[in-house]
Amino acid sequence: MKYKAVRGMRDLLPEDTGLWALVEGVIKNNLQRFGYREIRIPLLETTELFARSVGTDTDLVGKEMYSFNDHSDESLTLRPEGTAGCARAAIERNLLQQPVRLWYQGPMFRYERPQKGRYRQFEQIGVEAFGWHGPDIDVEILEMGWRIWQALGLTDKVKLELNTLGSADVRKRYRDSLTAYFSEHLATLDEHSKRRLKTNPLRILDSKAPAIKELCEQAPRLIDALDDPSASHFAVIGDELDALGIPFEVNPRLVRGLDYYSHTVFEWTTDALGAQNAICSGGRYDSLVELLGGRPTPAIGLAFGIDRVVLLAADHVDNIATANAAQQIDFYVLPLTDAEHTAAIQLAANLRIAMSNAHILCHAGSGKVKVRMKAADRSGAGHALLLGADEVANGIVTLKFLRDDSAQEQVPIANIADRLSMIWHQSKTG
Ligand code: AMP
């Protein structure tokens, strides 16, 4: 019997994790620089939380959740997204007394059909800002996204699509006009869209079916039906993005899949990944906190799909090189026989203290010198520190250059840290 990973759930191997860490590091660093603070929330929440917040007539809740009853027969769900849990935590733990900026990271679970860029377990880094009504925070969050693409060198690969869903009133009126429009074209609608016509006609605009997409082109546009406050909220965002030099496109068809959005919605998309083109999505959700039993609190958030950002970043040689460098072994401490093992671990321990940034590996495993040398070479280290009986007796280390023809050196143990620091700094500064 051979065990396999569950469909749609991936192992990230050591050769992958360097780039992942780099991408995650850049994103987190920028979030912290904008004053967002980390919150860690559970992977499991009650099923009811998602049903209530995301909405039972969404695909996410209707078809894609990993739900099960636990031993006390409570229905729990592996979180399909982070906003609901974050809002739940903020209410439950009383974080909403004043405005608060939060971020979180972790896996999300959705039972979708796996393909490139779409997985059943995928990673998000998400941001939620609770307590601000005005467009200033919307702009802040959009700018933060842009700064992150800049830091990753991806600005020419991404596009910001922006739309507004207006206030609840606007949406209600719009919903009616949309229902009237689609009702006139029932023959063109597929079964799925007919169902949506009853439950949430806005979501028909999300449809990927060509005939329906065409129909949607002629449908009334929400952006034309905005009330003054919604229109001016949206206008400020556009003006300030212009002032910051951040390019965007208004996409009146962008409605986003979830029920809880209002006003600003946006998506960073890319042409480089095929069908799964959204790499970061978000929007304002002013009614969610109240819906979950908190006192009315405006909110806006976004989530980066890290799997997709990594796919995009992988095309950049610079990123890969830097990522690999982070996992590169610098020095390999090599006892020539088991008799020098104690001396070797002592040397490695001292070097790790003396050179806190260097990556130092100490040989593990018995075997002949040849086998040990092979392991040193395979580690990718630039240098090996050989310790045989003679070296230990004389208080020296043989420094062997593994990647060029330089002659090996006999270095007194007292000087080895200095010698290696010199080599290390030279290698890092080129
Ligand atoms: P959402 O929570 O649906 O707004 O998604 C936020 C981001 O997560 C999207 O922009 C995608 O980049 C990413 N994402 C959503 N679903 C998946 C999935 N099944 N696999 C990989 N990434 C995903």
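Note: hydrogens, waters and symmetry copies are ignored here, and every other heavy atom, side chains too, is used. Each ligand, and each atom within it, is numbered from 1 in the order the structure gives.
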May I ask you to check whether [X] and [Y] show a side-chain donor-acceptor distance below 3.5 Å?
X: Glu48; Y: Ser75; value: no
X: Ser167; Y: Asp169; value: no
X: Thr179; Y: Asp176; value: no

[options]: member with heavy atom nearest to [atom]:
atom: atom 11 (C) of ligand 1; options: Gly8, Ala278, Gly301; answer: Ala278
atom: atom 9 (C) of ligand 1; options: Ser281, Ala303, Gly305, Pro80; answer: Ser281
atom: atom 16 (N) of ligand 1; options: Glu64, Lys116, Arg113, Arg110; answer: Arg110

Distance filter under 4.0 Å to Cys280 heavy atoms, resulting ligand 1 atoms
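Numbered from 1, ligand 1 contributes 10 (O).
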
Using a strict 4.0 Å cut-off to heavy atoms of Gly117, name the atoms of ligand 1 that fall inside it.
->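 With Gly117 as reference, the close atoms of ligand 1 come out as 20 (N), 21 (C), 22 (N).
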
Which pairs would a plain distance check flag for residues 296-310, meaning a side-chain donor or acceptor within less than 3.5 Å of a matching protein atom at least two apart in sequence or in another chain?
{"residue": "Thr297", "atom": "OG1", "partner": "Arg295", "partner atom": "O", "Å": "2.6"}
{"residue": "Asp307", "atom": "OD1", "partner": "Glu123", "partner atom": "N", "Å": "2.8"}
{"residue": "Asp307", "atom": "OD2", "partner": "Arg10", "partner atom": "NH2", "Å": "2.6"}
{"residue": "Arg308", "atom": "NE", "partner": "Gly117", "partner atom": "O", "Å": "2.6"}
{"residue": "Arg308", "atom": "NH1", "partner": "Ala278", "partner atom": "O", "Å": "2.8"}
{"residue": "Arg308", "atom": "NH2", "partner": "Gly117", "partner atom": "O", "Å": "3.1"}
{"residue": "Arg308", "atom": "NH2", "partner": "Gln276", "partner atom": "OE1", "Å": "3.2"}

Could you see which bit of Gln124 sits under 4.0 Å from ligand 1, with heavy atoms only: side chain, backbone, both or neither?
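For Gln124, only side-chain atoms sit under 4.0 Å from ligand 1.
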
**OP:** For ligand 1, indicate whether the residue Glu112 contacts it via side chain, backbone, both or neither (heavy-atom separation under 4.0 Å).
**Re:**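 Side chain only.
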
| Does the distance from a Lys or Arg side-chain N to an Asp or Glu carboxylate O, for Glu92 and Arg88, drop under 4.0 Å? |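 Salt bridge present between Glu92 and Arg88.
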
**Asked** Do any N/O atoms on Asp307 end up under 3.5 angstrom from N/O atoms on ligand 1?
**Response**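 No, no N or O pair falls under 3.5 Å.
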
Take His233 and Asp138 through the test side-chain hydrogen bond (donor to acceptor under 3.5 Å, both in side chains) and record every step on the way to the result. CA-CA 10 Å; His233 184 108; Asp138 307 31; 2.9 Å; yes

